[in-house]
Amino acid sequence: MSSPPRPPRPRPRTAPTRREFLWQVVAAASASACGGVAGGTEGTGGHSSSTTGGSTTAGEPTTSAPTTTGTTGEPALPGPPFTLGVASGDPLADRVILWTRLAPDPRTGGGMPEVAFAVAWEVATDDAFADIVASGEAIADPTFAHSLHVDASGLEPDRWYFYRFHVGEFTSPVGRTRTLPAPDSAPERLRLASASCQRFTTGYYTAYAHLAAEELDLVLFLGDYIYENGDSGPVRSHMSEECRTLLDYRNRYALYRGDTQLQAAHHRFPWAVIWDDHEVDNNYVADISAVDDPEFLARRTAAYQAFYEHMPIRVAPPTPEGLTIYRSFAWGDLAELFLLDTRQYRTDQLCMDDPGEDCGELETEDGDMLGPEQEAWLTAGLVASPAIWKLIAQQIVFSKVDFSGLLINWDQWDGYPKARQRMLDFLAAEELGNVVILAGDLHVGGMADLNATAGDTNAPVVAVEIVTTSITSSSETDVPPETIEQLVSTIPQIKYFNAHSRGYVTIDLTRTEMRARFRIVDTIEAETSGVETEAELTVLAGVQGIQVP
C-alpha cells in the first residue's frame with residue numbers, strides 16, 4: 001500500500017541536506033551557546049550456476065583483444081568487458097558471492113549487445129590459479145545490465161581464496177576473498193573496516209588506497225555508495241544530470257566503480273553493503289520522495305535494481321515492491337553482524353523534515369524506523385545470538401544529539417525517539433552485553449556511550465556507537481570544524497568527535513576487547529595522500545562503555 005504523498009517541502013531542492021545540518025546547527029547553536037544553551041546527550045540473488053571442484057591491482061583486464069565471441073556463440077564483444085573490476089561479498093562458511101559486470105563502454109549504458117553471455121569463473125587457493133577448487137559458468141543477462149552474482153560454493157571455512165572471470169579471450173582482474181569461520185568455531189579475532197558517503201565530485205578516494213593496504217577480513221559499507229545529483233565538485237564531475245531512470249543509475253554506478261582506488265579495495269576484501277538515501281534520492285522515506293514526485297515509485301524501482309546490479313550482495317533480485325537488504329552474518333561465536341535498512345520501512349519524518357525545534361508534532365510522535373518485521377527479526381536475532389560481540393550496522397546516527405531539543409535532525413534517530421527508546425529498553429531488559437551500533441551518514445566521525453534512557457547519563461550504558469566519517473563527502477559551510485567539535489564536546493556520552501577530516505574506521509575484535517581506530521587521510525583533493533590514526537578507543541568484553549585513554 002502506498003503512503004500518502006508528502007506535501008512539498010518548505011525549502012528549495014538545492015537547500016542543505018541533513019549532512020549539512022550539523023554544520024548549520026553549530027552556526028546557530030554557537031551563537032547561543034554563550035547564553036547558556038544546555039548540552040544535549042545523546043537467498044542468493046543473481047544468475048549463476050556453480051560447480052565445486054594476495055592483493056591485486058585494480059585496472060584493466062589481464063588480457064585484451066579487439067573482439068571476441070562467447071563460449072556459446074554470442075556476438076562479438078566491442079571491447080574489454082571488465083572495466084568495472086570484480087568484487088566479492090556476503091560470505092558464508094562454505095561460499096561467497098562473486099561479482100562483476102560486463103561493460104565495455106561503462107558510462108553510456110555498458111556497451112553490450114542485448115543478448116546473454118556465458119561467463120566462466122574460477123576460485124583458487126593461490127593467485128596463480130594452480131590450485132582451482134571451484135569453477136563454473138554464469139549467465140550475464142542484459143536484464144540485469146550483464147552483471148553477475150555467482151554464489152561460489154563448496155569452499156572451506158575460514159580461508160582466503162582468489163577468484164577471476166573469463167569471457168572469450170578476456171580475463172578479469174584477480175580478486176581476493178574469504179569465507180566465514182564455521183558456525184561452531186571459536187575464532188580469536190575479526191578485523192573490519194567501516195566506510196560510508198563517497199561523493200564522487202567532492203574528492204579522490206585516497207582513503208581506499210590505504211584501506212586496501214590494511215589487514216582486514218571484511219569491509220562494511222554503511223550507505224551513500226553513489227550520489228544521485230548532477231553536480232560538479234572541486235576535482236571531479238558527475239558528468240550528467242540527476243539520476244531518475246534505470247539507465248541514469250547504471251551510468252552513475254559505472255562512473256563510481258570505474259575508480260581504481262575503489263576497485264582496489266573491492267579486489268582486496270569481501271564487502272557487506274547496505275544503502276542509505278543517495279542511492280535513490282536525498283532524504284526519501286519508503287515510497288515517499290523528498291519533494292512531491294508522482295513518478296517516485298518508478299524511480300525507486302530503477303534505483304534499487306541498479307544497486308542490486310552493482311553490489312556483491314546475497315539477496316533476491318528486486319521487485320516493484322522493493323528489495324530486502326537486511327541480513328546477518330556470524331563469525332563463529334566471536335561476533336554476529338546485523339545489517340539493517342533504516343530507509344525503506346520507516347514512517348515519514350516529522351516537521352516537514354526541516355531541522356530545528358519541534359514544530360508541535362513530537363509530543364504525539366509514534367514513528368517507526370525499522371518497520372515491525374525488520375525490528376522483530378533484529379530483536380529475535382540479538383536474543384538468540386551466542387556471539388560475544390553483537391554488531392548492528394545501520395546508516396544513521398543513533399545517539400541523542402538534539403541539543404536539548406533546540407536542534408533536531410528529523411531524519412536520524414533523534415527524529416524517531418520512541419523507536420530509539422524501544423530499542424534501548426530492549427537492550428536493557430535483555431541485558432545484552434557487548435552491543436556495538438555502527439553508523440555513518442553525517443560526514444563526521446565519533447564514538448559514544450549509549451545509555452538505557454537516551455541522553456541520560458544517570459542511566460546505565462547498554463551499548464556503544466561508532467560513527468565513521470565519510471570517504472569524500474563533506475559539507476560546504478563557513479563554520480569552522482573546530483567550532484562544531486567544541487560544541488559537541490559538551491555532550492558527555494561522546495568520547496571522541498571529528499568534524500574536520502575524511503577517512504574510515506578499523507575495528508579489531510578479540511574475545512576480550514574491541515579496538516576502534518579512526519583512520520584519517522591528509523587530503524582528498526589530490527590523487528594520493530598520507531593517512532594517520534587520529535584516535536584509538538577500546539571497549540572491554542563484559543564491561544559496558546568506552547575505555548577512554
Side-chain angles (χ1 to χ4, degrees), residues 43-54 56 71-72 82 85-102 116-141 144 146-167 171-185 187 190 216-220 266-273 308-318 323-337 339:
T44 303
H47 332 286
S48 68
S49 59
S50 65
T51 304
T52 61
T56 59
T71 60
T72 56
F82 296 112
V86 299
S88 69
D90 287 10
L92 299 179
D94 67 341
R95 63 189 61 212
V96 65
I97 297 294
L98 308 180
W99 175 92
T100 194
R101 178 188 168 198
L102 308 183
F117 277 73
V119 181
W121 58 270
E122 298 172 316
V123 177
T125 60
D126 62 307
D127 59 1
F129 288 82
D131 180 25
I132 295 174
V133 296
S135 62
E137 190 173 84
I139 302 301
D141 194 307
F144 293 96
H146 294 95
S147 64
L148 295 174
H149 295 75
V150 173
D151 195 6
S153 61
L155 307 180
E156 295 295 323
D158 200 13
R159 182 159 186 174
W160 286 99
Y161 291 96
F162 298 87
Y163 63 96
R164 65 185 179 186
F165 298 88
H166 307 278
V167 57
T171 299
S172 75
V174 174
R176 190 182 75 138
T177 191
R178 65 160 302 151
T179 52
L180 301 182
D184 59 353
S185 64
L190 168 60
L216 303 171
D217 297 301
L218 186 71
V219 174
L220 304 177
H266 274 294
H267 291 181
R268 176 76 170 163
F269 313 110
W271 285 40
V273 181
Y308 170 79
E309 291 171 349
H310 291 85
M311 294 297 128
I313 191 169
R314 184 182 296 280
V315 300
L323 176 62
T324 302
I325 67 165
Y326 61 87
R327 58 210 192 275
S328 65
F329 306 98
W331 196 267
D333 73 345
L334 176 62
E336 187 157 3
L337 173 64
L339 297 107

Quick check: do [X] and [Y] have side-chain heavy atoms less than 4.5 Å from each other?
X: Trp271; Y: Ile313; value: no
X: Val315; Y: Thr324; value: no
X: Val123; Y: Leu155; value: yes
X: Tyr163; Y: Val174; value: no
X: Val167; Y: Leu102; value: yes
X: Pro187; Y: Asp333; value: yes
X: Leu148; Y: Val119; value: yes

### Chi angles and distances behind the side-chain hydrogen bond (donor to acceptor under 3.5 Å, both in side chains) call for His267, Arg176
CA-CA 6 Å; His267 291 181; Arg176 190 182 75 138; over 6 Å; no
Atom pair [atom1]/[atom2] of [X] and [Y] - distance to nearest 0.5 Å:
X: Phe269; Y: Leu216; atom1: CZ; atom2: CG; value: 4.0 Å
X: Phe117; Y: Glu137; atom1: CZ; atom2: CD; value: 12.5 Å
X: Asp90; Y: Met311; atom1: CG; atom2: CE; value: 11.5 Å
X: Arg327; Y: Leu337; atom1: CZ; atom2: CG; value: 8.5 Å
X: Tyr308; Y: Ile325; atom1: OH; atom2: CD1; value: 14.0 Å
X: Leu220; Y: Phe329; atom1: CG; atom2: CZ; value: 9.5 Å

For the residue pair [X] and [Y], what are the closest heavy atoms and their distance?
X: Phe165; Y: Trp99; value: CE1-O, 3.6 Å
X: Leu218; Y: Pro270; value: CD1-O, 3.4 Å
X: Leu339; Y: Ala272; value: CD2-CB, 3.8 Å
X: Gly85; Y: Pro173; value: CA-CG, 4.4 Å
X: Ser88; Y: Thr177; value: OG-OG1, 2.8 Å
X: Ala93; Y: Pro183; value: CB-CD, 4.2 Å

#### Entry: Aromatic contact, His149 with Phe144 (centres under 6.0 Å)
no
### Test item: Thr179 side-chain N/O and Asp94 main-chain N/O as donor-acceptor pair under 3.5 Å
no
### Message
Donor-acceptor pair, distance only, cut-off 3.5 Å: does the side chain of Arg159 make one with the backbone of Pro157?
### Response
no
### Query
With Ala124, which residues qualify under side-chain contact (heavy atoms from CB on, under 4.5 Å), at least two apart?
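For Ala124, the residues satisfying side-chain contact (heavy atoms from CB on, under 4.5 Å) (neighbours in sequence not counted) are Asp126, Phe129, Ile132.
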### Message
Using the side-chain contact (heavy atoms from CB on, under 4.5 Å) criterion, which residues pair with Asp217? Sequence neighbours excluded.
### Response
Trp160, Arg178, Leu190, Arg191, Trp331
Does [X] have any side-chain hydrogen bond (donor to acceptor under 3.5 Å, both in side chains) partners at least two apart in sequence or in another chain, and if so, which?
X: His146; result: none
X: Asp131; result: Thr125
X: Tyr326; result: Glu373
X: Arg164; result: Glu122, His166

### Task
Could you please spell out the steps behind the side chain to side chain contact (heavy atoms under 4.5 Å, CB included) verdict for Leu98 and Asp151?
CA-CA 6 Å; Leu98 308 180; Asp151 195 6; over 6 Å; no
